[in-house]
Peer 1: 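Please see the structure below; I have some questions.
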There are 2 protein chains.
Amino acid sequence: MSRISKPRDAAPAPRAADRIRVSARELFYREGIRAVGVDQIVNRAGVTKPSLYRAFPSKDDLAAAYLSDYDREFWPRFEKPGGRRWPDARAQVLAYIRELGKRAVQDGYRGCGLSNATVEYPDHTHPARGVAEAHKKALRKRLRELAAEMGARDPRVLGDGLMLLLEGAYVTGQQSPGGPAQSILAAAETLIDACTGKPARRR
Amino acid sequence: MSRISKPRDAAPAPRAADRIRVSARELFYREGIRAVGVDQIVNRAGVTKPSLYRAFPSKDDLAAAYLSDYDREFWPRFEKPGGRRWPDARAQVLAYIRELGKRAVQDGYRGCGLSNATVEYPDHTHPARGVAEAHKKALRKRLRELAAEMGARDPRVLGDGLMLLLEGAYVTGQQSPGGPAQSILAAAETLIDACTGKPARRR
DNA sequence: GAACATACGTACCGATCGGTAACACTGTCA
DNA sequence: TGACAGTGTTACCGATCGGTACGTATGTTC
C-alpha cells in the first residue's frame, strides 16, 4: 500500500499524446497519410496543434509512430489468429488467411497500413518508410520460417509465395468489394500442399 | 490529295497537352499523384499552368487521364510479353510473370500505377479511381479466362490466385529491392500445375 | 489588311499546408 | 507556498496548394 508515486488508481484521463495517436491512427488508415492534415487530427482528438508538436517533432514522425503502433498490433493477429494458438504452422497461417479473406472482400476495407505507406512515400529516407520496410522484412522472414516448419521443399518459394498472396489480398481488397481475395484461402491451401508434397486435393 | 483542313503533314511540334501528359505520367508514377503539384508538372513539361487547365478540367482529371494512358499501355505488355505471341495461355502468363519478377526486384521499382492510385485515393467517387477499378476488374476477368484456357478445375481460384500473386509483386516490389517477387515465377508455376492437375514438379 | 480562332504567358487569387511564438491555466508534488 | 510539467488559447508564419482573369502572340481565312 505504498502508492509511492502512482498518480491515481483509476484511469487518469488520456494524455493528449495518446488521444492524438488514436485519432491519427484512424484518419491515416482510413484516408491515407498524405490526405490527412494535422488540423484534422487535432480537431478529432479534441486537442490543439501545439500539443501535437510537443509530443511529435513533425507530421512525418507522427506517421512513423502510427506505423509503429500498427506493426505492434499486427503481430498478435498474425501469430494467434482468432485469439488462440494453433497446432502447427500450416493451421496458423491458414487461420490468418481465412480471416484476412473475409475482411478483405468487405466494403470499406483499406488493406495494410504499412504497405499503403510505402506506396505513399517512395522516398527510402522518409521516417515512416523505415518502419514499414522493417516490418515487411520481418514478415517475410517469419513466413519463410513457417514454410520450413510446414516441411516445404523450398521454404523460400513457399514463404515468398504466401507473402505475395497476403500482399495481393491487402491491395486488391481495397480496390473493390468482393475481389480476388475471396479465393486466397483456396489458393494458399493449394500452394502449400503443392510445395509440401501433399497429395493434390481435387480443386 | 484534298488536304481539306489538315494542319500540316509533318509532325507539328508536340502540343502542350501532350507534353503535360508525358511529364505528369513520369512524375505521378515515380513520386505518387498526391505528392506531385501541378507547378512541378508544368515546369517539367516546359509549359505554363493555364495550358494545363485548358487541356484538363482539374488535377484530378489529369490523374484520370494518366491512368487511362497507363491502362492502355499495360495491355500489350500483358497480352504479348516480350513483344511476341505465345503458344498458349500458360506460356503467355508465365512469360509476363517472368518479366515482372525481374523488374519488381530492382531498385527504384514503383509497382503498378493503377494499384498505387487506389491506395492514394480511397474515395470511390474520385475520377482517377474509376479508371483504376475498371482496369482491375478487366484484369481479373481476363485472368479467369486464361485460367480456363489452361484447363483449371476451378478457373476462379487459379485466376484470382494469379491476380493476388501479381498484385503482391507490384506492391512488395516497391518496398525494397530483392523482395519476395523474386519467387513469383516459381510460385505461379506451382500454383498453375496444382490447379490444372499437372504432375507436381519437385520444388 | 481585317477578322477570327487557337495557343500560350504573366500575374495573381484564396485556401490550406506544416509548424511556431507567447502566454494563461491547472493539478501535482514537495 | 512555490516550483514545475502539461495543456489550452490565440494568433501568426512562410510556403505551397489547386485554380483563374486577362492580355498577347501566331497563323489562317476571306
Side-chain angles (χ1 to χ4, degrees), chain A residues 2-24 27-28 31-66 117 120-121 123 125-129, chain B residues 2-24 27-28 31-66 117 120-121 123 125-129:
Chain A
S2 63
R3 64 166 177 76
I4 316 165
S5 67
K6 280 269 186 67
R8 192 67 54 87
D9 49 358
R15 290 248 172 288
D18 296 329
R19 300 178 53 85
I20 290 167
R21 280 181 111 100
V22 169
S23 77
L27 290 171
F28 281 161
E31 315 203 6
I33 298 173
R34 293 198 116 109
V36 173
V38 290
D39 298 273
Q40 245 181 294
I41 295 171
V42 297
N43 283 342
R44 184 185 183 92
V47 301
T48 56
K49 231 182 329 178
S51 289
L52 192 160
Y53 284 98
R54 275 187 282 259
F56 304 93
S58 69
K59 182 194 175 183
D60 289 347
D61 290 280
L62 174 58
Y66 148 61
E120 286 199 271
Y121 295 97
D123 179 4
T125 69
H126 192 284
R129 239 198 114 95
Chain B
S2 64
R3 67 165 175 76
I4 315 167
S5 67
K6 281 271 186 69
R8 192 67 54 91
D9 51 357
R15 290 252 171 285
D18 296 329
R19 300 177 55 85
I20 290 167
R21 279 182 112 100
V22 170
S23 78
L27 290 171
F28 280 161
E31 316 202 7
I33 299 173
R34 291 200 117 110
V36 174
V38 291
D39 298 273
Q40 246 180 294
I41 296 170
V42 298
N43 284 343
R44 184 185 185 92
V47 300
T48 57
K49 240 193 303 190
S51 290
L52 191 160
Y53 284 97
R54 273 185 286 265
F56 304 93
S58 70
K59 182 194 174 185
D60 289 347
D61 291 279
L62 174 58
Y66 149 60
E120 286 198 272
Y121 295 97
D123 179 4
T125 69
H126 193 284
R129 240 199 113 95

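Lettering follows sequence order; numbering is per chain, from 1. Hydrogens, waters and symmetry mates are skipped; everything else that's a heavy atom, side chains included, is used. Since this is a predicted model, take the numbers as computed values, not measurements.
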Peer 1: What is the distance, to the nearest angstrom, from the CD1 atom on A:Ile41 to the P atom on C:dG19?
Peer 2: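 Going from CD1 in A:Ile41 over to P in C:dG19 covers 10 Å.
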Peer 1: Which heavy atom of A:Leu52 sits nearest a heavy atom of A:Ile20, and at what distance?
Peer 2: CA-CD1, 3.4 Å
Peer 1: So, is B:Tyr53 near the phosphate of D:dG19, with a side-chain N or O under 4.0 Å from OP1 or OP2?
Peer 2: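 So the side-chain polar atoms of B:Tyr53 do come within 4.0 Å of the phosphate oxygens OP1 or OP2 of D:dG19, strictly under.
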Peer 1: Round to a whole Å and report the spacing from CZ of B:Arg54 to C1' of C:dC8.
Peer 2: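 Taking CZ of B:Arg54 and C1' of C:dC8, I get 5 Å after rounding.
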Peer 1: Check the distance between C:dC17's P and A:Leu27's CG and give it to me in whole angstrom.
Peer 2: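 To the nearest whole Å, that distance equals 12 Å.
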Peer 1: Starting at NE2 of B:His126 and ending at P of D:dG18, how long is that distance when rounded to a whole Å?
Peer 2: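 In whole Å, D:dG18 P lies 11 Å from B:His126 NE2.
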Peer 1: Under 4.0 Å, heavy atoms only, any strand: does A:Val42 hit a base, just the sugar-phosphate, or nothing?
Peer 2: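 The answer is nothing, as A:Val42 stays clear of every strand by at least 4.0 Å.
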Peer 1: In Å, rounded to the nearest 0.5 Å, how long is the span from NZ of B:Lys49 to CG of B:Asn43?
Peer 2: 9.5 Å
Peer 1: Would you kindly check whether a donor in the side chain of A:Lys49 faces an acceptor in the base of C:dG19, or vice versa, at under 3.5 angstrom?
Peer 2: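 Such a pair exists between side chain and base.
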Peer 1: Output yes when at least one side-chain N/O atom of A:Ser51 is less than 4.0 Å from OP1 or OP2 of D:dG8, else no.
Peer 2: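 Yes, because at least one side-chain N or O of A:Ser51 sits under 4.0 Å from OP1 or OP2 of D:dG8.
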Peer 1: Let me confirm one number: the OG1-CZ distance from A:Thr48 to A:Arg54, rounded to the nearest 0.5 Å.
Peer 2: 6.0 Å
Peer 1: Going by atom types only, do A:Asp60 and A:Ser58 share a side-chain donor-acceptor pair under 3.5 Å?
Peer 2: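 Side chains of A:Asp60 and A:Ser58: no pair found under 3.5 Å.
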Peer 1: CZ of A:Arg34 versus P of D:dC17: gap in Å, rounded?
Peer 2: 11 Å
Peer 1: Checking the side chain of B:Arg129 only, and the main-chain atoms of B:Tyr121 only, is there a donor and an acceptor separated by less than 3.5 Å?
Peer 2: yes
Peer 1: Round to a whole Å and report the spacing from CG of B:Leu52 to P of D:dG19.
Peer 2: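 Taking CG of B:Leu52 and P of D:dG19, I get 9 Å after rounding.
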Peer 1: Can you identify which nucleotide, out of D:dT7, C:dT10, C:dG19, has its nearest atom closest to the B:Thr48 side chain?
Peer 2: C:dT10
Peer 1: Both B:Ala35 and B:Pro50 contact DNA chain D. Taking the nearest nucleotide for each, which residue is further toward the 5' end?
Peer 2: B:Ala35
Peer 1: Nearest-Å distance, NZ (B:Lys59) to P (C:dC17)?
Peer 2: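 So the two atoms are 13 Å apart, to the nearest Å.
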Peer 1: For A:Leu62 and C:dC17, what is the distance between atoms CG and P respectively, to the nearest whole Å?
Peer 2: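 Rounded to the whole Å, the gap is 15 Å.
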Peer 1: Which of the following nucleotides, C:dG9, D:dG19, D:dG8, is nearest to the side chain of B:Val47?
Peer 2: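 Taking heavy atoms from C-beta onward, the closest nucleotide is C:dG9.
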